[in-house]
Amino acid sequence: MAFEGLAERLQATFDKMKGRGKVSEADVKEMMREVRLALLEADVNFKVVKKFVNDVKERAVGQEVMKSLTPGQQVIKVVNEELTKLMGEEQSKIALAQKPPTVVMMVGLQGAGKTTTTGKLANFLRKKNNRKPLMAAADIYRPAAIDQLETLGKQLSMPVFSLGDQVNPVDIATGAVNQAKEEHHDYVLIDTAGRLHVDEDLMGELQRIKEAVQPDEILLVVDAMTGQDAVNVAESFNEQLDLTGIVLTKLDGDTRGGAALSVKAVTGTPIKFAGMGEKIDQLEPFHPERMASRILGMGDVLSLIEKAQTNVDEERAKELEKKMRTAELTFDDFLEQLEQVRNMGPLDELLAMIPGANKKALKNVQVDESQIGRVEAIVRSMTSHEKQQPSVINASRKRRIAKGSGTSIQDVNRLLKQFEDMKKMMKQMTNMQGKKKGKGGFQLPFM
Amino acid sequence: MSFFKKLKEKFTTQTDSVTEKFKEGLAKTRDSFVGQMNELFAQYRSVDEEFFEELEEILIGADVGVSTVLELIDELKDEVKLRNIKDSTEIAPVISEKLAEKLDKSGEDTELNIQKDGMTVILFVGVNGVGKTTTIGKVAHFFKEQDKTVVMAAGDTFRAGAIEQLEVWGERVGVDVVKQQAGSDPAAVMYDAIQSARAKQADILLCDTAGRLQNKVNLMKELEKVKRVISRELPEAPHEVLLVLDATTGQNALSQAKTFQETTDVSGIVLTKLDGTARGGIVLAIRNELDIPVKLVGLGEGIEDLQQFDAEQFVYGLFKELVEEDTGAGEEDEESR
Ligand SMILES: Nc1nc2c(ncn2[C@@H]2O[C@H](COP(=O)(O)OP(=O)(O)OP(=O)(O)O)[C@@H](O)[C@H]2O)c(=O)[nH]1
Ligand SMILES: Nc1nc2c(ncn2[C@@H]2O[C@H](COP(=O)(O)OP(=O)(O)OP(=O)(O)O)[C@@H](O)[C@H]2O)c(=O)[nH]1
Ligand SMILES: [Mg+2]
Ligand SMILES: [Mg+2]
């Protein structure tokens, strides 16, 4: 990755400080420079960084170094604590009006993820809270914005309120709330068009919608990749609309996400949810402490563990286990397993999350993603029959597969052999362990 | 200061609406940047650590990017020592000079590679929501105006409403859209599109793709395949692979550019949403760290809100006031706040 984590940045300073009992002012100054750069590289706004660094400096100077920590770790600890404090409490709760329906308005810049998040939130409310939301298509400007929301509605089998794109968004919002009352929906989620915070006309439109429907929540949807301007955007939306919360999207990317800190700092409103992918169920509660270590580029143990847990779908795991026992395992299962590992993120990133996995040591660990890609290409070049029944793969089929995947026949042979070995091993293993171990994962040939 | 003199001459003689529009779009970036620089010079008389720290922040605040900025500051510090500069006013020209050095890649080709004979295929790639589909609509309009036959390929079969969105643009501009059902293989759409564009003897084929984050290995593979199919059907194609970047994006834009460059051999960048941001400094970082020219910029959601990018014009817009002080020019051009 392009960015060095804070821990790595601070290494040199740490080395100098070894064996000292107190953190001196000079040490802190030097370290704070590194902290500052790490935050800036993560796209935290420079004004926010400045204030933060000053606050931390005050706390860090003169501190007794705890016995269990080196002075450097001590500073990191303080930095991490302060940052987590700044990120706020965990608050993934969404308002509930005393008298239904609860009205939620989604606002933000163009392309931030409002429409997608509207769908995700509807799904979330139904699944987690057993609610019956109505989505409202109040973006009359973007081409096919209504189609987009309606498609999401269809995917979810949930209703979408629309009056077409020739009706004023204020009337659409009002109409949606009325319909929700009639049809006893407990939530109305209003998707609005993307707009620039400096566009007075369109910001005025949002204010009018707000006045007309008196929303219980106004959520600013922010792209986690946003740069320095995030503060101005958030400040401006907040001033004009009094936001109640923030949703950070596209956190499944490899951005450090410093914008999170910026928007939190300038608006004081909680970040409630995190968008973790394009799919409708990829909305997660926001975890401030994880965000803090992500911004700092420090290992994040919790995330790793949880990722590993949620990504291996329990039921599928059981099914797989059964297949393994009977050696029915197919390449389709294999692909799926590959996908699950993939979903956990790039492998080297995963490794970096392991506590104590210092980047330097990891540099020698070659996670060969291209190797994985090759394996995958081979499997994808098989017909579904071949995937289900690898034994039919004869020489001419091998040639075709190699050609289709841009690999060699040797590569194909190797994979087939590894796959067979794996099946055998699986069988032995599962026979040995019986039904006890429901963990599901198996060793992939390239790991 | 020959670089800026050259620029200045070029732009004082150029008064067409294109420049105006471009200037308007960049007004935010320029105002905030120049304002801050002037404040800096007013606030710090002497060139010291604090001065540099402040300068660093101004540049980082414009999304120029930490590594580019640090490099620049180091060079400046060396110059200050070398030339024995004490007063902050003396350093102003040195700053412009150094920035210009970083931006001046003369000979860089920002023109789109359009075939004189036969069809030109342009593939649009980028992360989610940056403005790929909208840019395609604008580009289609741009070529349509030149009486070219344009076809669009609805290669985003994944996102809800993506095909419909491109179809609306097709109607708006008056060009054909080749599509398949949602969920179908994007490579197959491209195959179809090339056949169909050929049959229509189209001049330009614009290929939309689904947004994808650069760390999604599978999706990047899919994109590779899409490109491969295009090249297979039409050797030499795609003639342009345009990476669409959102100007509001921070440092991740660099990572995007690097990864898309690796997988699809990007030939140019489209920088969108420059109408909204006071930043745009990422252009500097991109120019400094990568060798991909910015070819187009998006300045709004309308069909006309697209400009060909002129790097010199951009630099000039950014540093106009500084340059003018520098080259001893008058203030004939009052800036509105
Ligand atoms: N990877 C990823 N993509 C996302 C996420 N949220 C949204 N997207 C994608 O981002 C793009 C833009 O999302 P939209 O929901 O259309 O954004 P919007 O804010 O409604 O856009 P406008 O209405 O045009 O302002 C789409 O390609 C979405 O699939 C996320 O959490 N992760
Ligand atoms: N202000 C402004 N908005 C823009 C510009 N270009 C695109 N947009 C808006 O940004 C949003 C996303 O644009 P799309 O063209 O759908 O982006 P995309 O990259 O195709 O998105 P996905 O296909 O979902 O990845 C829409 O609301 C566009 O109207 C621009 O130059 N300026
Ligand atoms: Mg939308
Ligand atoms: Mg699109």
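To find a chain, count down the sequence lines: A is the first, B the second, and so on, and within it residues start at 1.
Proximity of A/K47 to B/E57: side-chain heavy atoms (C-beta onward) are nowhere separated by under 4.5 Å. At a threshold of 4.5 Å between non-hydrogen side-chain atoms, the residues A/P143 and B/R172 count as touching. Taking 4.5 Å as the limit, some side-chain heavy atom of B/L70 sits within range of a side-chain heavy atom of A/L37. Within the 4.5 Å cutoff, no side-chain heavy atoms of A/T115 are placed close to those of B/R159. Considering only heavy atoms from C-beta on, B/E164 stays 4.5 Å or farther from A/E150 through its side chain.
Of the two parts of A/Q110, the backbone and the side chain both hold a non-hydrogen atom closer than 4.5 Å to a non-hydrogen atom of chain B. Contact of B/K216 with chain A is made through the side chain alone, with heavy-atom distances under 4.5 Å. Neither the backbone nor the side chain of A/D199 comes within less than 4.5 Å of any heavy atom in chain B. Only the side chain of A/K50 comes within less than 4.5 Å of a heavy atom of chain B; its backbone N, CA, C and O stay farther away. Heavy-atom distances place the side chain of B/V127, and not its backbone, under 4.5 Å from chain A. Looking at A/L109, the atoms closer than 4.5 Å to chain B (heavy atoms on both sides) all sit in the side chain, from C-beta outward.
With respect to A/R195 and B/E301, no salt bridge is recorded, no charged nitrogen being found less than 4.0 Å from a carboxylate O.
Atom CG of residue B/D246 and atom CG of residue A/D223 lie 7.0 Å apart, to the nearest 0.5 angstrom. For the atom pair CG of A/D43 and CD1 of B/I60, the computed distance is 10.5 Å after rounding to the nearest 0.5 Å.
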(request) Report the C-alpha separation of B/T249 and A/T226 in whole Å, then their side-chain angles, then the decisive distance to 0.1 Å, and conclude whether the side chain to side chain contact (heavy atoms under 4.5 Å, CB included) test is met. (result) CA-CA 4 Å; B/T249 308; A/T226 315; over 6 Å; no
(request) Check the pair B/Q251, A/R256 against side-chain hydrogen bond (donor to acceptor under 3.5 Å, both in side chains), reporting the backbone distance first and the verdict last. (result) CA-CA 9 Å; B/Q251 299 308 295; A/R256 276 281 169 74; over 6 Å; no
(message) Does A/E376 form a side chain to side chain contact (heavy atoms under 4.5 Å, CB included) with B/K221? I'd like the steps, not just the answer.
(response) CA-CA 10 Å; A/E376 195 184 344; B/K221 282 252 143 61; 5.7 Å; no
(request) Please report the C-alpha distance between A/R36 and B/E53 in whole Å, then the side-chain angles of each, then the deciding distance to 0.1 Å, and finally whether the side chain to side chain contact (heavy atoms under 4.5 Å, CB included) criterion is met. (result) CA-CA 11 Å; A/R36 176 173 167 269; B/E53 200 154 296; 3.7 Å; yes
(message) I'd like to know whether A/E278 forms a side-chain hydrogen bond (donor to acceptor under 3.5 Å, both in side chains) with B/N128, so could you lay out the CA-CA distance, the side-chain angles of the two residues, the decisive distance to 0.1 Å, and finally the verdict.
(response) CA-CA 9 Å; A/E278 295 181 72; B/N128 308 80; 3.0 Å; yes
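Atom NZ of B/K179 is surrounded by 12 or fewer heavy atoms from other residues, nucleotides or ligands within 6.0 Å. For B/F51, the CZ atom sits in a packed shell: over 12 heavy atoms of surrounding residues, nucleotides or ligands are nearer than 6.0 Å. Shown here is A/K403, whose NZ atom has no more than 12 heavy atoms of other residues, nucleotides or ligands within 6.0 Å.
In terms of heavy-atom proximity, A/K250 sits nearest to B/L213 at O-CD1, 4.2 Å. Minimum interatomic distance between B/G161 and A/T151 (heavy atoms only, all atoms of both residues): N-OG1, 4.1 Å. Heavy atoms only, all atoms of each residue included: A/A144 and B/V168 are closest at N-CG2, 4.2 Å. A/D254 and B/Q214 get closest at one heavy-atom pair: OD1-NE2, 3.1 Å.
Between chain A and the options B/A160, B/G129, B/S67, B/G211, heavy-atom pairs under 4.5 Å are most frequent for B/A160.
Between the side chain of B/D63 and the main chain of A/Q228, a donor-acceptor pair closer than 3.5 Å is present.
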